[in-house]
Amino acid sequence: MNTRSYVRASSGTPIGPARRSLLAAALGAAMPLPALAQATPRAPRNVLATVAMVGDVVREVSGGRIRAETLIGEGVDPHLFRPTRSDIARLLSADAVFANGHRLEGRMGDVLDRVRAAGKPVVLIGESVPRDRLRANPDYPDAADPHLWMDPSLWSLAAVAAGEALGRLAPDSREAFADNLARFQARLARLDAYAKEAIATIPANARVLVTAHDAFAYFGARYGLEVESIQGLSTEAEANLAAIEGLVRKLVERRVPAVFAETSVPDRAVRALIEGAGARGQRVALGGNLFSDAMGRPGTYEGTYEGMIDHNVTIIVRALGGQAPARGLNGRLAA
Ligand SMILES: [Zn+2]
């Protein structure tokens with residue numbers, strides 16, 4: 001059923017600002033809709049981000065001047081995410097939707113088209129990054145590897161695009177957004193320097209990052225880690241036995257001490273690697289859960305972009321035999 005035509009039929013008028021609360025009621029939204037911008041021009045705008053990494057950029061750059069919420073929650077895989085009816089209502093009631101793009105939100109294309117058709121901006125901040133900084137996506141020749149946030153220097157570029165789009169939504173706040181952006185970029189530069197320094201302490205043989213799915217190519221390229229994954233760039237394909245066997249061989253040959261699970265991907269295949277290496281006499285630890293395509297719980301340090309990358313860097317470095325403080329760059333990681 002087409003949700004929009006359903007609403008039109010039941011309310012009898014096209015959807016407009018005054019109709020939005022009716023839209024929520026008509027759709028039987030399970031979750032309360034965010035407060036909506038009223039007719040007054042100074043009212044804060046309401047932005048909905050698809051993934052938490054994008055939502056964090058919007059929050060940092062808007063500094064509270066624009067209401068920013070995130071659709072896809074903790075531990076949820078955006079490659080597989082299909083919006084529910086109430087998600088669609090939230091997307092259509094936002095003043096703008098911010099997404100990563102590059103097919104990360106692979107099953108949301110139709111909904112994002114509907115948001116555009118309703119005259120709302122859909123801002124794909126990952127697609128603002130210059131082509132020569134992008135990595136190929138073997139699954140889709142016309143798209144790039146979407147996992148840009150894994151390299152803070154690229155995410156810093158995406159934040160610029162977010163700032164420009166926010167400035168178009170709230171022109172009065174342009175100066176404040178520029179200041180917030182500069183502060184955020186300075187923190188990203190510091191995070192990048194920490195990652196570089198800490199990862200360089202990992203012994204050369206162990207500079208291999210083995211994860212569940214291929215989210216870490218930008219990360220590996222930036223910091224000099226060889227990256228291997230059991231699944232491809234998207235989590236849609238099943239892991240295959242040959243891939244697992246090849247990875248076990250590499251773990252044993254290189255004496256890699258740890259492999260990593262991801263919070264948004266089941267860890268079955270990662271455990272198979274550990275068992276396979278164990279059967280060949282190589283003890284491989286589960287280095288921990290990395291945040292790949294989802295961040296930690298909202299309200300925690302790991303629920304921020306900075307905390308997400310700090311967590312990943314710190315546990316990777318420590319599990320692979322390098323040196324990093326247990327509580328990370330800012331002493332704020334959960335013990
Ligand atoms: Zn992914």
Side-chain angles (χ1 to χ4, degrees), residues 49-57 70-83 87 98-109 111-112 124-129 133-155 157-158 195 208-223 225-240 243-244 247 259-270 273 287-296 302-305 307-309 311-313 315-316:
T50 54
V51 292
M53 298 74 80
V54 173
D56 189 74
V57 170
T70 292
L71 185 67
I72 304 177
E74 182 197 0
V76 178
D77 180 350
H79 298 289
L80 304 180
F81 180 82
R82 242 184 240 288
D87 294 331
F98 281 50
N100 182 75
H102 294 301
R103 292 181 186 258
L104 174 74
E105 300 93 343
R107 299 183 178 182
M108 291 183 66
V111 169
L112 296 181
L124 306 176
I125 68 171
E127 297 196 3
S128 68
V129 170
R133 304 286 308 269
L134 299 176
R135 301 182 64 87
N137 183 339
D139 297 335
Y140 302 106
D142 61 326
D145 178 344
H147 304 91
L148 294 155
W149 57 90
M150 288 296 177
D151 176 342
S153 72
L154 296 182
W155 209 229
L157 298 177
V208 182
L209 176 61
V210 180
T211 60
H213 95 293
D214 200 1
F216 292 86
Y218 290 104
F219 185 87
R222 180 75 179 167
Y223 301 120
L225 282 171
E226 201 177 313
V227 171
E228 298 281 359
S229 69
I230 303 163
Q231 280 175 287
L233 276 189
S234 170
T235 48
E236 291 183 285
E238 286 284 315
N240 69 64
I244 290 179
L247 283 175
V259 294
F260 300 87
E262 296 169 38
T263 62
S264 52
V265 184
D267 66 0
R268 280 189 311 274
V270 173
L273 283 183
N289 280 314
L290 302 179
F291 297 114
S292 52
D293 295 358
M295 306 197 311
E302 288 82 355
T304 66
Y305 172 76
M308 166 197 204
I309 300 295
H311 167 92
N312 286 351
V313 168
I315 72 165
I316 288 167

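Indexing begins at 1, ligand by ligand and atom by atom, following the structure's order.
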Worksheet entry | Minimum-distance N/O/S atom that H147 presents toward the Zn ion (ligand 1) |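 The nearest such atom is NE2.
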
Discussion item. Of all the N, O or S atoms in D293, which has the shortest distance to the Zn ion (ligand 1)?
Written reply: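 Minimum-distance N/O/S atom of D293 relative to the Zn ion (ligand 1) is OD2.
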
Fill in: N, O or S of D77 under 2.8 Å from the Zn ion (ligand 1)
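It does not; every qualifying atom lies at 2.8 Å or beyond.
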
Practice prompt. Take N137 and H102 through the test side-chain hydrogen bond (donor to acceptor under 3.5 Å, both in side chains) and record every step on the way to the result.
Written response: CA-CA 9 Å; N137 183 339; H102 294 301; over 6 Å; no

Item to complete: Taking all non-hydrogen atoms of both residues into account, name the closest pair between S264 and D77 and its distance.
Response: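 Heavy atoms only, the tightest pair is O-CB, 3.5 Å.
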
Discussion item. Minimum heavy-atom separation for M295 and D56, please, with both atom names.
Written reply: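 Answer, listing the atom of M295 first, then D56: CE-CB, 4.1 Å.
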
Worksheet item: Taking the Zn ion (ligand 1) as the vertex, how big is the angle to NE2 in H213 and NE2 in H79, rounded to 10°?
Response: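 Roughly 120°, rounded to 10°.
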
Worksheet item: Does E127 have any salt bridge (Lys or Arg N to Asp or Glu O under 4.0 Å) partners at least two apart in sequence or in another chain, and if so, which?
Response: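 Salt bridge (Lys or Arg N to Asp or Glu O under 4.0 Å) check on E127 returns nothing, list empty.
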
